[in-house]
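A short worksheet on the structure shown next.
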Amino acid sequence: MTIVAFYSKGTSIEVQNTWSKRLKFYYPSLKLVPLLSEEAKFATVALLWKAPLNYLNKMTRIKGLISLGQGVDHILNGNLIPENIPVVRIVDPYMAKSMSHWVLLSILNIIRDTYGYFSQENTKIYKPRDEKNFLSLKIGVYGIGAIGSVVAKDLSYMGFNVQGWSRTKKKIKTITCLSGSEGFQALITNSDIHVCLLPLTPSTENIFNKHKFINMKKGSCFINAGRGEHVDENHLLDSCRSGHISNAVLDVYRNEPLPKNHPFWKQDNIRLWPHVAAETNPETAAKQIANAIKCLDNNIVPPNTVDRTLGY
Ligand code: NDP
Ligand code: OXD
């Protein structure tokens with residue numbers, strides 16, 4: 001029997017049972033136990049989302065950690081996990097498509113002026129509003145990995161002009177692929193719509209700061225589903241208040257849940273989502289997680305094990 005310690009933000013027993021049922025279908029000899037339970041000290045694998053990592057200290061038999069999401073910053077931040085413990089992430093095409101839908105929705109809401117039409121509907125105004133010519137818009141996607149590459153390709157398929165940025169040089173049909181600091185600067189200055197889908201690492205933290213917002217075109221839109229720590233929130237707020245950034249759509253924040261007194265709530269041209277752009281789906285992710293548990297159990301390095309030197 002493989003004991004797997006489980007924690008997913010404020011875990012309810014229903015959530016744990018859903019995962020347990022799905023995972024046992026692929027790997028019947030595992031047992032999910034709450035990370036905070038006594039039994040967790042016998043765990044060889046931990047399946048985690050935003051867990052209190054100090055609980056891992058009691059697990060002397062631990063062989064590896066699995067993120068319940070595509071990002072691993074919630075595990076690697078703070079450098080608490082020894083280098084010899086593999087950290088595995090989910091890479092699920094369902095999540096990439098889900099993100100693609102959310103980014104497209106965010107862009108269309110801006111360029112088709114959805115909120116303007118909603119307010120007209122409230123006052124029974126039947127009148128066309130200004131529409132942006134989508135052919136003249138350049139979309140910059142920061143991070144064209146498992147998720148960003150799908151988003152970039154889907155946007156291009158929808159007729160948008162898309163440029164993508166990554167650490168290593170990429171070649172993707174129909175996308176202008178850029179890399180390095182020159183590529184980043186080009187994306188900052190050329191794009192009309194900026195979409196952040198980067199992982200959070202020491203090299204990407206605060207990457208969207210005052211200097212970068214100032215260098216964006218006047219009237220640019222900024223969309224963030226990467227992590228809140230990619231953005232200097234005060235500078236984004238200033239840029240939205242001045243109208244230099246005409247619209248922002250955010251799914252992630254430095255503090256989650258977003259505090260009730262955060263000034264973002266009062267800023268009309270910032271649209272807020274509660275970290276739901278691409279949620280982990282037990283139905284589609286269970287097979288690969290069960291396989292990762294099996295691999296760790298058998299001392300095999302699982303697919304999608306994170307490169308600890310890169311941090312993603
Ligand atoms: P990947 O690791 O597959 O892709 C990351 C991309 O970012 C790669 O293209 C990588 O470049 C690039 N990158 C990383 N560091 C740098 C850097 N320093 N400079 C330039 N480019 C860099 O990650 P995913 O696509 O799976 O996920 C990305 C992030 O999306 C997650 O880490 C998470 O933060 C966020 N996310 C948010 C969700 C939500 O609901 N809001 C849901 C799921 C994920 P290269 O290709 O060269 O390695
Ligand atoms: C993830 C997320 O990283 O949901 O999967 O943010």
Side-chain angles (χ1 to χ4, degrees), residues 1-24 26-27 30-92 94-95 146-147 199-201 226-229 252-253 255-257 274-297 301-308 310-312:
M1 181 68 69
T2 307
I3 307 283
V4 178
F6 180 87
Y7 188 96
S8 172
K9 46 179 176 188
T11 317
S12 71
I13 197 68
E14 288 80 18
V15 174
Q16 187 180 310
N17 286 346
T18 304
W19 277 105
S20 177
K21 202 170 133 204
R22 293 275 168 202
L23 293 171
K24 278 164 106 50
Y26 296 107
Y27 195 28
L30 65 77
K31 182 179 179 194
L32 241 55
V33 302
L35 174 70
L36 309 190
S37 69
E38 267 301 298
E39 217 180 342
K41 68 173 180 244
F42 303 112
T44 47
V45 179
L47 184 52
L48 308 170
W49 180 253
K50 296 192 177 177
L53 297 177
N54 54 322
Y55 277 80
L56 298 172
N57 292 340
K58 63 180 178 182
M59 296 178 201
T60 51
R61 303 175 192 182
I62 201 81
K63 291 182 172 185
L65 309 178
I66 305 174
S67 167
L68 263 174
Q70 297 219 174
V72 287
D73 48 295
H74 63 104
I75 294 176
L76 297 183
N77 275 358
N79 292 321
L80 294 171
I81 310 302
E83 290 289 333
N84 63 324
I85 302 288
V87 175
V88 184
R89 73 188 190 103
I90 294 173
V91 176
D92 186 351
Y94 177 93
M95 288 176 77
I147 293 178
L200 179 64
T201 68
R227 287 290 182 260
E229 291 87 342
V252 285
Y253 312 91
N255 288 313
E256 295 183 9
H275 202 145
V276 291
E279 294 190 280
T280 301
N281 178 356
E283 247 177 81
T284 55
K287 191 175 179 182
Q288 59 179 281
I289 294 177
N291 181 54
I293 295 169
K294 203 177 196 169
C295 287
L296 290 168
D297 224 9
V301 178
N304 304 318
T305 295
V306 167
D307 179 337
R308 296 291 292 275
L310 294 174
Y312 69 96

Inset, instruction - Just jot down the side chain to side chain donor-acceptor pair (under 3.5 Å) partners of Glu38, sequence neighbours excluded, or say none. - result: Lys41
Inset, instruction - Check step by step if side chain to side chain contact (heavy atoms under 4.5 Å, CB included) holds for Thr44 and Ile293. - result: CA-CA 9 Å; Thr44 47; Ile293 295 169; over 6 Å; no
Inset, instruction - Mind checking side chain to side chain donor-acceptor pair (under 3.5 Å) for Lys294 and listing every partner two or more places apart, or none if nothing turns up? - result: none
Inset, instruction - Please report the shortest heavy-atom distance between Asp297 and Tyr27, naming the atom on each side. - result: OD2-OH, 2.7 Å
Legend entry - Glu279: partners by salt bridge (Lys or Arg N to Asp or Glu O under 4.0 Å), with sequence neighbours left out: none
Give the table of side-chain donor-acceptor pairs shorter than 3.5 Å for residues 77-86, with sequence neighbours excluded, one pair per line with atom names and distance.
none

Inset, instruction - Kindly indicate whether the side chain of Gln288, heavy atoms from C-beta on, has any atom under 4.5 Å from the side chain of Pro303. - result: no
Legend entry - Whether over 12 other heavy atoms sit under 6.0 Å from Tyr55 OH: no
Legend entry - Heavy-atom neighbours of Lys21 NZ exceed 12 at 6.0 Å: no
Inset, instruction - To the nearest 0.5 angstrom, please state how far the NE2 atom of His74 sits from the CG atom of Leu48. - result: 7.0 Å
Inset, instruction - State, to 0.1 Å, how close Gly311 and Thr201 come at their nearest heavy-atom pair, and which atoms those are. - result: O-CG2, 3.6 Å
Legend entry - Value rounded to 0.5 Å, distance of CD in Glu14 from CD in Gln16: 10.5 Å
Inset, instruction - Please answer whether the main-chain N or O of Lys31 pairs with a side-chain N or O of Lys24 as donor and acceptor at a distance below 3.5 Å. - result: no
Legend entry - Minimal non-hydrogen separation, Ala43 against Met59, with atom names: CB-SD, 4.1 Å
Legend entry - Reported CD1-to-OH distance for the pair Ile289 and Tyr26, which is rounded to 0.5 angstrom: 11.0 Å
Legend entry - Taking every non-hydrogen atom, the tightest pair across Ser67 and Val72: CB-CG1, 3.9 Å
Inset, instruction - Over all heavy atoms of both residues, which pair between Val252 and Glu256 is shortest? Give the atoms and the distance, please. - result: CA-OE2, 3.3 Å
Legend entry - Pairwise distance CG(Leu310) to CG(Leu76) - rounded to 0.5 angstrom: 11.0 Å
Legend entry - Rounded distance (nearest 0.5 Å) linking atom OG1 of Thr2 with atom CG of Leu296: 10.0 Å
Legend entry - side-chain contact (heavy atoms from CB on, under 4.5 Å) partners for Thr280, two or more places apart: Trp19, Ile90, Met95, Ala285
Inset, instruction - State the CG-OG1 distance between Leu23 and Thr18, to the nearest 0.5 angstrom. - result: 10.5 Å
Inset, instruction - Can you see which heavy atom on Gln70 is nearest to which on Asp92, and at what distance? - result: OE1-N, 2.7 Å
Legend entry - Ala292: side-chain contact (heavy atoms from CB on, under 4.5 Å) partners, not counting sequence neighbours: Ile66, Val88, Pro302
